[in-house]
Protein chains: 2
Amino acid sequence: MNMVKAEQSGAALNDRAQRLLKALVESYIGDGQPVGSRTLARTAGLELSPATIRNVMADLEDMGFIESPHTSAGRIPTVQGYRLFVDTLLKVQPLNPGLVDALKIGLTRDDNPLSLVEAATQILSGVTSLAGIVTVPKRSSVSLRRIEFLPLADKRALAIMVMNEQEVQNRVIQLDREYSASELQEVANYLNTQFAGKNIRDVRAALLSELDEARKGMNRIMLSAVELGEKAFMAEESGDDDFMVSGQTRLMDYDELADVASLRQLFEAFNQKREILHLLDKCISAEGVQIFIGSESGHQILDHCSVVTAPYSVDDDVVGVLGVIGPTRIAYDRVIPLVDITARLLGAALNPRN
Amino acid sequence: MNMVKAEQSGAALNDRAQRLLKALVESYIGDGQPVGSRTLARTAGLELSPATIRNVMADLEDMGFIESPHTSAGRIPTVQGYRLFVDTLLKVQPLNPGLVDALKIGLTRDDNPLSLVEAATQILSGVTSLAGIVTVPKRSSVSLRRIEFLPLADKRALAIMVMNEQEVQNRVIQLDREYSASELQEVANYLNTQFAGKNIRDVRAALLSELDEARKGMNRIMLSAVELGEKAFMAEESGDDDFMVSGQTRLMDYDELADVASLRQLFEAFNQKREILHLLDKCISAEGVQIFIGSESGHQILDHCSVVTAPYSVDDDVVGVLGVIGPTRIAYDRVIPLVDITARLLGAALNPRN
DNA sequence: GCCTGGCACTCCAGCATACAGAGTGCTAAA
DNA sequence: TTTAGCACTCTGTATGCTGGAGTGCCAGGC
């Protein structure tokens, strides 16, 4: 039984077995019912009797590509079966041009990146009837455009930083003493003339290295500037990763997931975000569409789910990941190109220069 | 049957019947099981036989306070039964002082109102094992502290407005022509000297009335200022109402709600927000804790749920609503004071002057 | 050597039946 | 007015039965 490993058998699979596996997976994806030899004989397009097909199916089961839920219930694909299917048997469907146009309209340039991200999740979820998921874009090359300080009560100040053309960040910082409005103005002026237009990572590095120097000889304004700047930019780098989901409730339509126990797990995973983020993080470095089938994700919560993702980029910089989550029996042939094109369109829509 | 109306019978209920109803509701709230005459005889503390209790229960059923799911299944409270219970039979539990301290720690002043709101939802959900819900606070008296403009490409500019001490709003506005940085600076200066510290509603009104005048005689800067200001503040007033939810998944623990169909409805209601917002909006004008039991909410989706809310205020201005959503069998005696105190503490924590 | 028809076998889903447990309503007696 | 008793109803569970679907295997045919 365990002598026949799935790996070696990939090559050993003859054409007929492959076609049968393909037909079986497609049938199961279509209606979610285990597939028996007779239906397969009818639908596979091979002129074979059910008995012959049973023999082949027994082989496929030995090789670990399919399994039966119980003795007389037909077969369903295993993770390895799906894997072989998407890797070598699947022909992705050409995208419906009308759909592409609709997507373009749904994802046109918008001043607010977050509303674009939300639109993307809703599109993904709506078109696929799965849950759509998009990470909020990392500001890849964050450059400082301008910084301002406003004095607050209790030795605090509000730092307002404009980044990357039109993003605004603000943060309350705790000061070591009271600063007057004009002092803060001077500090801001110094930082703006010194660092405007620079990448924020460089700014921070420069500030850190100047801190020692400043302690010795610099004038008061510059010392304050270095200190306040450091405080303002602190934690600015550590991206506050997050993602958005749409259409979780659609997952309730799939019988495989529709028991309260697994739904609860799944929805808690969406709420806690940690595990999902971890998985998406792994996808950000990959190129193109990536697919995790069932346990492949490595997260127990997603054992009965598949995830299809693609990174999206602005100006060749990967800034986030989007995709869908559903049961393992996803219509991969339609979903893969859709996730792909959505990633491209979202990247394009996020690009500040049109 | 419909001769005996629940309203008139409220008075007609003798002490014994009230005590029995109270015991029945408490028992049902405790374990969610329909309550039979024998368990009631044991727990109610009245020295009565089950047979007598059956007679009383029959009366209560006629009056519409309880009902049985089927012939031999004990009784459960109706909406009217719960209503009588919370209105006249219930003694709210004094809050555990240790709990109050814990709440205070969880809701201490924070620079970010949203993180306070999130903390509040989590506290509500965690302590009650229900779903916690908090609307994001309306900025009740929004006063402009400062406004700045930054030129962008394509005849656009970024308006940055600091409101209410430390809130920052920003918005991209479309200009009718290119403005230089110094022009924008002048415009901002004009607006700042003119309107800093003023309530935003007044600012907008002033801008609108000046618009006509400006068209005629004013200098170019002032005209630009009026126009840009108008654009920046547009839609600033129309509150983008929203709310946060925590612990939705806890609702899956209650058998009454734990079928996929109602869960789906409920979660979709949370996602679409519209209906829930509408309900919460109604609570904002009420004073103190408000309770909707089952169909009382008027939203079909919440037919099997109860909602307990309380508005919260900053400086005597009601700025939002918080509460919990759960099955009808909520432990009202614990939940009501908890919602109440949480509303007070959140209001206090949101108050900018400590 | 591969394909196929046939057959025995297994398992599930659905259905009827039986039965114990819980609870009620009613009646008659205290 | 309260209570004990009793017949009745309904649910949930267990049991057994049956038809349907599907398999595995074997023997015969090409």
Side-chain angles (χ1 to χ4, degrees), chain A residues 1 4 12-21 23-24 27-28 31-78 81 255-256 258-259, chain B residues 1 4 12-21 23-25 27-28 30-78 81 255-256 258-259:
Chain A
M1 177 187 176
V4 191
L13 264 192
N14 60 28
D15 182 60
R16 193 175 66 178
Q18 290 194 12
R19 287 184 65 176
L20 277 175
L21 178 60
L24 187 147
S27 167
Y28 185 66
D31 60 10
Q33 297 302 318
V35 188
S37 55
R38 197 165 43 183
T39 48
L40 214 47
R42 266 187 275 116
T43 61
L46 302 168
E47 293 298 319
L48 290 175
S49 76
T52 313
I53 290 180
R54 282 204 287 280
N55 290 329
V56 182
M57 284 167 90
D59 295 345
L60 286 171
E61 181 157 17
D62 283 346
M63 292 189 258
F65 293 121
I66 58 179
E67 63 188 351
S68 33
H70 57 79
T71 322
S72 73
R75 309 298 218 291
I76 61 177
T78 61
D255 289 349
E256 309 90 295
D259 66 296
Chain B
M1 180 186 176
V4 190
L13 266 190
N14 61 28
D15 182 61
R16 194 176 64 179
Q18 290 196 11
R19 288 183 65 175
L20 277 174
L21 177 59
L24 187 147
V25 176
S27 166
Y28 184 66
D31 58 12
Q33 297 302 316
V35 188
S37 55
R38 196 165 44 184
T39 48
L40 214 48
R42 268 186 272 115
T43 60
L46 303 167
E47 292 300 319
L48 290 175
S49 76
T52 313
I53 290 182
R54 281 204 288 280
N55 290 328
V56 182
M57 284 167 90
D59 295 345
L60 287 171
E61 182 158 17
D62 283 346
M63 290 188 263
F65 294 119
I66 58 180
E67 62 188 352
S68 34
H70 57 81
T71 322
S72 76
R75 307 299 214 297
I76 61 177
T78 61
D255 290 347
E256 307 91 295
D259 65 297

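The chains referred to below are lettered A, B, ... by the order of the sequence lines, with proteins before strands, and numbering in each begins at 1.
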Quick note, B:R38 side chain, CB onward, closest among C:dT24, D:dG5, C:dG23 is C:dG23
Closest of C:dT4, C:dT24, D:dT3 to the A:T52 side chain is C:dT4
Closest of D:dT23, C:dC3, D:dT3 to the A:R16 side chain is C:dC3
Side-chain touch B:P77/B:Y28, heavy atoms, less than 4.5 angstrom:
yes
Side-chain atoms of A:S49 come closest, of D:dT3, D:dT2, C:dG5, to C:dG5
From CG of B:L46 across to P of D:dT2 the rounded distance in Å is 11 Å
Taken to the nearest whole Å, CG/A:D59 to P/C:dC3 is 11 Å
In short, the helix from C:dG1-D:dC30 to C:dA30-D:dT1 is bent end to end, axes from five pairs each side, to 10°, by 10°
Whole-Å distance, A:I53 CD1 to C:dC3 P, equals 11 Å
May I ask you to test the A:T39-A:R42 pair for a side-chain heavy-atom distance under 4.5 Å? yes
Exercise. Output yes when at least one side-chain N/O atom of B:S72 is less than 4.0 Å from OP1 or OP2 of D:dT9, else no.
Key: no
Regarding the side chain of A:H70, the nearest nucleotide among D:dT23, C:dT24, C:dC11 is C:dC11
Scanning both residues in full, the closest heavy-atom pair of A:P34 with A:I76 reads CA-CG2, 3.7 Å
From CE of A:M57 across to P of D:dG22 the rounded distance in Å is 9 Å
Of the listed C:dT10, C:dT4, D:dT3, the closest approach to the B:N55 side chain comes from D:dT3
Closest non-hydrogen atoms of B:G64 and B:T78, given as atom of the first, atom of the second and distance, are O-OG1, 2.6 Å
Separation of D:dG24 atom C1' from A:I66 atom CD1, nearest Å, is 14 Å
Test side-chain contact (heavy atoms from CB on, under 4.5 Å), reference B:M57, set B:L20, B:L24, B:T52, output is B:L24
Task: Sidechain N-carboxylate O distance under 4.0 Å for A:R75, A:E67 - done: no
From CZ of A:R75 across to P of C:dT10 the rounded distance in Å is 17 Å
Distance col, row A:L60:CG vs A:I66:CD1, nearest 0.5 angstrom, shows 4.5 Å
- Task: Return yes if the base of C:dG6 and the side-chain atoms of A:R54 contain a donor-acceptor N/O pair under 3.5 Å, otherwise no.
- Result: yes
